[in-house]
Undergrad: 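Handing you a structure now.
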Amino acid sequence: MLPLTYALRNLFRDKPRLAQTVGGSALVVLLVIAATALNGGMKQVLSASGSEKNIILLGAGSEESIQRSEVSPLLGGIAEAGVRGVSKTLGRPAASVEIHYMTYLTDKEGRKGQGLFRGVTPRALLVHPEVRLLEGAFPRSGEVMVGRLAWRKLGIPEASLKPGASVTIDRSPMIVSGVFAAPGTVMESEVWAALGDLHMLAQRQTVSCVVLRMDDAANFPDADLFAQQRLDLELTALRESDYYAALSSFFKPLRVMTWITAGLIAAGAVFGGFNTLYAAFASRIRELATLQAIGYGRGAIFLSLVQESLIACLAGTLVASAVALFLLDGRTIPFSIGAFTVSVTPQVALAGLVTGILLGILGAVPPAIRCLRPPLPKALRS
Amino acid sequence: MISCKSISKSYRKGANTVTPLENLNLEVPRGEFLALMGPSGSGKTTLLNLISGIDTPSSGTLVIDGQNIADFSRKQLTKWRSQKVGYIFQLYHLIPVLTAFENVELPLLITSLSRAERRAKVEEALDLVGLMDRSHHTPAELSGGQEQRVAIARALVADPPLLVADEPTGDLDRESANGILALLQSFARENGKTIVMVTHDARAAAAAHRTLHLEKGVLLSEDPNLTSL
Ligand SMILES: Nc1ncnc2c1ncn2[C@@H]1O[C@H](COP(=O)(O)OP(=O)(O)O)[C@@H](O)[C@H]1O
Ligand SMILES: [Mg+2]
């Protein structure tokens, strides 16, 4: 076996080339980390957003978008009475009548952003128990309560949405009453207001849906039966988890695109790596032949060359991981219906590491084979 | 020690075949220092490569130290070389990123010797070529003569019975060349090494016990005037 120092020192023989290998691999690894973290973050938020126990009753035909759904404002009461197995707290059924509405919010400074607004009654808290007030109070008429990440989705400074701040929604002035958390869900990037205010803002008499929280996820058939029997209401019952899963698959092409882009760039980098490493190894053909003349097998030399490339690519991986931790980890990224947090989880880091290792090995194998192929007498002459 | 019986070597060069060596016979007893002379392209390097197991003959038998290496596999040859041959090149072929010490240690890293044993052997070899004080220098920090001494220490360190040298003094000034030749002479005389050295230079050949001339792949009669036993 050739000593590791041989591989290590060979790397420093040509510093621009080393920088190229380390930089190139760092870029690819960073790209893979970013793609994995973004896809993971988006998938995570969408899968965490829907509860198995929650059932959304919405207008038949609007299964793909609650915002487009229109049902009677009386549906809340009808469903409470008509569906068995709805969870109750202190005698109050967990049924939340909601309007989901996409519109613009403007802060005091005139900065404006689009986000999802949800008109709710205090019952919403029974249906969405993950919602916790961090500051301030639940909104009364003329007030809004903002999710912890709403500022990110709206693209305005966090300070503009502090409790007490004045904002304008469409043309109506409102006061921020509080800030809430709903860890890991899209609700965190929503703005919640009193149901009555949303009727006015959205200029509609109907509501979007009624969300029921069941005692048990297995009670779904009861709600489904209700929706099917009440033909007059033209309803569909959807598990909240299924609704978000469908949204998630709606974004799948986007995720696939991210992967294809990352894959293409990585493939380009591997081919670039072939050339860089080929140049590096080819400049040492005589030296590699000398090692064979001394008695080193081609396997041992091959291993040393792969080691060399692997060290460079692992250094690149380290750089990429550091950059990812500083620049990506914890960052929230807005997307159409909310925002999600990018986190460099162990799985994401592992994907980066595997990429670095694959780059190191795949990039070195063809050039190493090519440079070890010439017969010894010829290589010694070169 | 070396017994070549009707060995030939040909290379395919595109459509035609080049035969640098044809039906060559050569006997070299153990402990002999043999010089090979001949014009450029006469097949000296080719012969040296065959004797040292770097290349294999197209036909013939090649018995070295009791083993016919003519039909060894590539793997067998690699192992055989590490134990039996020390190769000295005209251009030294030191590894530029390694120090003199590390270069000399290379052949020992394939053996099962411990670190301390390796160290002792490397120091002994460097001492023998008079370069103990340069052991931490890299090749770039050494003169040509010093580089060749390191290369000799590297060829010698694993204690192979056979040393082959392809124009070892070809790139050196007279004084350095004499030093190298004196070293080779002493290895043959005091350590019983068998040495085959290719050279252009009649004065270098004079350091050997015997000189053979190679012309177009054929060994010509020895010139008795150059023999200095
Ligand atoms: N690997 C090879 N492929 C083709 N021809 C070769 C090869 N090696 C040597 N030759 C040819 O064999 C002849 C002898 O070469 P060589 O042994 O290097 O001569 P010398 O060392 O005496 O100058 C030359 O004509 C050379 O071109
Ligand atoms: Mg030659």
Side-chain angles (χ1 to χ4, degrees), chain A residues 1-18 21 277 279-312 315 368-382, chain B residues 9 11-13 20 43 45-50 52-56 73-99 101-112 115 118 138-140 151 154-158 160 164 166:
Chain A
M1 278 288 288
L2 281 159
L4 194 64
T5 46
Y6 176 64
L8 210 56
R9 285 186 216 162
N10 276 325
L11 277 175
F12 288 94
R13 263 164 119 148
D14 189 332
K15 293 194 183 75
R17 204 181 269 154
L18 175 64
T21 315
L277 288 170
F281 298 163
S283 70
R284 305 207 296 266
I285 284 190
R286 199 183 74 181
E287 186 177 318
L288 302 180
T290 304
L291 289 169
Q292 291 182 71
I294 289 174
Y296 282 91
R298 287 196 297 178
I301 299 170
F302 174 82
L303 227 62
S304 178
L305 295 178
V306 172
Q307 235 173 28
E308 194 177 319
S309 143
L310 206 53
I311 294 171
I369 288 177
R370 220 173 127 195
C371 290
L372 285 171
R373 221 206 300 269
L376 257 192
K378 194 173 163 203
L380 280 172
R381 266 172 217 272
S382 58
Chain B
K9 178 70 193 177
Y11 295 106
R12 193 150 296 152
K13 238 182 190 168
T45 299
T46 304
L47 179 57
L48 216 55
N49 283 342
L50 291 178
S52 55
I54 277 173
D55 209 347
T56 45
S73 69
R74 178 197 271 271
K75 241 201 172 99
Q76 284 173 307
L77 275 179
T78 305
K79 181 144 194 271
W80 180 85
R81 281 197 305 269
S82 72
Q83 295 164 346
K84 300 290 187 184
V85 200
Y87 209 120
I88 300 159
F89 304 89
Q90 177 177 358
L91 297 172
Y92 333 124
H93 291 203
L94 295 179
I95 308 300
V97 294
L98 300 180
T99 63
F101 185 97
E102 291 162 337
N103 265 286
V104 176
E105 194 185 19
L106 277 176
L108 299 181
L109 293 174
I110 316 172
T111 66
S112 56
R115 198 188 173 86
R118 292 200 305 264
T138 58
R154 183 177 69 184
L156 208 70
V157 71
V164 296
D166 197 347

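In the text below, chain A, chain B and the rest are named by the order of the sequence lines, each starting its count at 1.
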Undergrad: How many angstroms lie between atom CZ of Arg286(A) and atom CZ of Phe89(B), to the nearest 0.5 angstrom?
TA: 8.5 Å

Undergrad: Pick from Glu105(B), Gln83(B), Glu102(B): which one has the most heavy-atom pairs with chain A under 4.5 Å?
TA: Glu102(B)

Undergrad: Heavy-atom cut-off 4.5 Å, strictly under: side chain, backbone, both or neither for Gln90(B) against chain A?
TA: neither

Undergrad: Show, in sequence, the C-alpha distance, side-chain angles and deciding distance for Ile95(B) and Leu291(A), and conclude whether the side-chain contact (heavy atoms from CB on, under 4.5 Å) test is met.
TA: CA-CA 9 Å; Ile95(B) 308 300; Leu291(A) 289 169; 4.1 Å; yes

Undergrad: Looking at Gln292(A), is its backbone amide N or carbonyl O close enough to the side chain of Arg81(B) to form a donor-acceptor pair, meaning the two atoms are under 3.5 Å apart?
TA: yes

Undergrad: Would you name the heavy atoms of Leu106(B) and Ile294(A) that are closest together and state the gap between them?
TA: CD1-CD1, 4.3 Å

Undergrad: Which residues in residues 5-18 of chain A have a heavy atom less than 4.5 Å from any heavy atom of chain B?
TA: Tyr6(A), Arg9(A), Asn10(A), Arg13(A)

Undergrad: Sort Leu91(B) into side chain, backbone, both or neither according to what part of it lies under 4.5 angstrom from a heavy atom of chain A.
TA: both

Undergrad: I need the Asn49(B) CG to Leu380(A) CG distance, nearest 0.5 Å.
TA: 6.5 Å

Undergrad: What's the shortest heavy-atom distance between Ser82(B) and Gly295(A), and which atoms?
TA: CB-CA, 3.7 Å

Undergrad: Heavy-atom cut-off 4.5 Å, strictly under: side chain, backbone, both or neither for Arg284(A) against chain B?
TA: neither

Undergrad: Please round to the nearest 0.5 Å and tell me the distance separating atom CG of Leu376(A) and atom CG of Asp55(B).
TA: 8.0 Å

Undergrad: Output the distance between atom CD1 (Ile110(B)) and atom CE (Met1(A)), rounded to the nearest 0.5 Å.
TA: 12.0 Å

Undergrad: Return the CG to CD distance between Leu98(B) and Glu287(A), rounded to the nearest 0.5 Å.
TA: 7.5 Å

Undergrad: How about residues 300-310 of chain A versus chain B: which residues have heavy atoms under 4.5 Å apart?
TA: none

